[in-house]
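Structure record follows, encoded as structure tokens.
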2 protein chains.
Amino acid sequence: MPAPLIPKDEVSARLFGVFRTYGYEGATLARISEATGLGRASLYHYFPGGKDDMAREVLGVARGWLAQNVVAPLQSAASIHARIKTMLANLREGYSDGSASCVINLLGLGEADEKFHGDVNDTVELWLHALERLLKEAGITPARARRIALDAVVRVEGALVVARALHDKNVFLRTLYELERALSGEIDRA
Amino acid sequence: MPAPLIPKDEVSARLFGVFRTYGYEGATLARISEATGLGRASLYHYFPGGKDDMAREVLGVARGWLAQNVVAPLQSAASIHARIKTMLANLREGYSDGSASCVINLLGLGEADEKFHGDVNDTVELWLHALERLLKEAGITPARARRIALDAVVRVEGALVVARALHDKNVFLRTLYELERALSGEIDRA
DNA sequence: GTCTATAATAGGATAGAC
DNA sequence: GTCTATCCTATTATAGAC
């Protein structure tokens with residue numbers, strides 16, 4: 001049995017790139033095969049359930065990324081302001097300053113939504129809960145924390161859409177900057 | 001020559017529905033044929049360029065909708081606050097209270113982006129300019145008006161993404177309400 | 001303007017050898 | 001774990017009759 005050409009983690013990472021760029025329907029096996037360097041047979045060896053398995057793996061990657069780059073920083077020992085700064089810096093990097101899309105958006109569309117809504121929902125809630133927890137720690141009421149957290153995620157996702165529509169990364173970068181000021185303001189007021 | 005089964009405007013409207021729901025790649029001729037009640041031959045009679053022509057028609061419908069439901073209300077004779085209220089009410093209806101997606105998002109993805117970026121960009125700018133004009137009329141500086149307009153569109157698009165991801169229309173409805181307060185606040189301060 | 005039929009291709013998925 | 005070959009379906013698009 002031949003050795004794997006790529007470690008499985010690397011396969012998952014490249015899968016993630018294809019799905020975030022082209023969406024569920026646009027992520028054809030031809031593109032996936034090219035991006036990973038793996039033939040169809042190898043792909044089905046890793047993911048016996050085919051494209052659906054791959055999409056679920058992609059959402060798993062997204063959750064892992066969030067856990068490491070959003071949840072963990074928001075629970076670190078640093079000051080509340082510093083934790084927010086770290087999350088925003090990680091978002092900038094993860095979304096390539098606003099030129100990359102978000103799988104939460106892409107896998108919530110069309111028929112993909114029906115198949116993967118559970119996973120998409122869980123992924124967003126992971127993000128929301130981490131923000132809510134931080135805001136409550138800062139003395140904000142639970143209801144208000146939920147509202148602010150939702151608004152933050154709304155702005156990030158919206159900025160990605162508009163930045164793409166205008167081909168202008170500054171829309172994303174500026175939105176994150178305004179978000180930092182808005183979140184800091186809420187926390188200082190609490 | 002048989003009479004048309006549907007007026008052309010109605011065909012365009014149904015096309016719009018299919019593309020906004022399934023995206024460019026998900027909008028298969030089978031689905032389009034079903035939604036319009038037209039056979040393939042009739043579709044190619046209306047749109048000789050095939051799917052690309054249809055997608056461009058869809059973006060034309062979007063611009064027409066914006067002109068009527070966003071640009072015109074924002075330039076009406078009513079008070080500034082009333083004009084904003086009207087735009088937001090129209091957005092609620094046009095996006096079915098947050099359960100429908102936006103073609104600006106869907107046609108800016110994957111390979112559709114390469115084909116239709118010009119039209120997508122124009123559509124967003126139509127919206128932005130209408131908002132900027134209103135804000136400048138209220139005494140806000142051009143640079144600031146641009147920032148506020150971008151933030152408004154960012155929030156609407158983001159709210160649609162998150163509302164879909166959570167299957168919760170309230171995310172959209174509440175975001176529009178907060179947007180009204182935010183815009184009114186900016187105007188009152190100017 | 002619509003119909004039926006069909007071409008031509010691309011898509012997802014599987015079988016069996018090594 | 002990877003390869004080559006293959007199957008089947010769905011997809012876009014066209015041709016020609018009415």
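In what follows, chains are A, B, ... by sequence order, proteins preceding strands, each numbered from 1. All figures in this text were calculated on a predicted structure; none of them were measured in a lab.
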**Request:** Whole angstrom is fine here: how far is it from CD in B:E111 over to P in D:dT11?
**Result:** 15 Å
**Request:** Provide, to the nearest angstrom, the distance between the CG atom belonging to A:L43 and the C1' atom belonging to D:dC3.
**Result:** 13 Å
**Prompt:** Are any of the side-chain nitrogens in A:R63 or A:D122 under 4.0 Å away from the carboxylate oxygens of its partner?
**Reply:** no
**Among C:dT2, C:dG12, D:dT11, the nucleotide that comes nearest once only the side chain of A:T28 is considered** = C:dG12
**Request:** For the pair A:Y24 and A:F19, name the ring-plane relationship: parallel under 30°, tilted 30 to 60°, perpendicular over 60°.
**Result:** tilted
**Prompt:** Once you round it to whole Å, what is the distance between P of C:dG12 and CG of A:D53?
**Reply:** 14 Å
**Message:** From C-beta outward on B:R40, which listed nucleotide comes closest to its side chain: D:dT2, C:dG11, D:dA13?
**Reply:** D:dA13
**Message:** For the residue pair A:R56 and A:F116, would you count it as a cation-pi contact if the rule is NZ or CZ under 6.0 angstrom from the ring centre and within 45 degrees of the ring axis?
**Reply:** no
**Asked** Which whole-number value in Å describes the distance from B:Y46 OH to C:dC3 C1'?
**Response** 14 Å
**B:R92 NZ/CZ over B:F172 ring centroid, <6.0 Å and within 45° of normal** = no
**Item:** A:A41 side-chain proximity, nearest of D:dT14, D:dT11, D:dC3
**Value:** D:dC3
**Prompt:** Starting at CD of B:E25 and ending at P of C:dG12, how long is that distance when rounded to a whole Å?
**Reply:** 10 Å
**Request:** Calculate the interatomic distance between A:L29 atom CG and D:dA10 atom C1'; express it in whole Å.
**Result:** 14 Å
**Prompt:** A:K51 has an atom NZ; how far is it from atom C1' of D:dT9, in whole Å?
**Reply:** 14 Å
**Request:** Figure out the NE2/P separation between B:H45 and C:dG1, and round it to whole Å.
**Result:** 3 Å
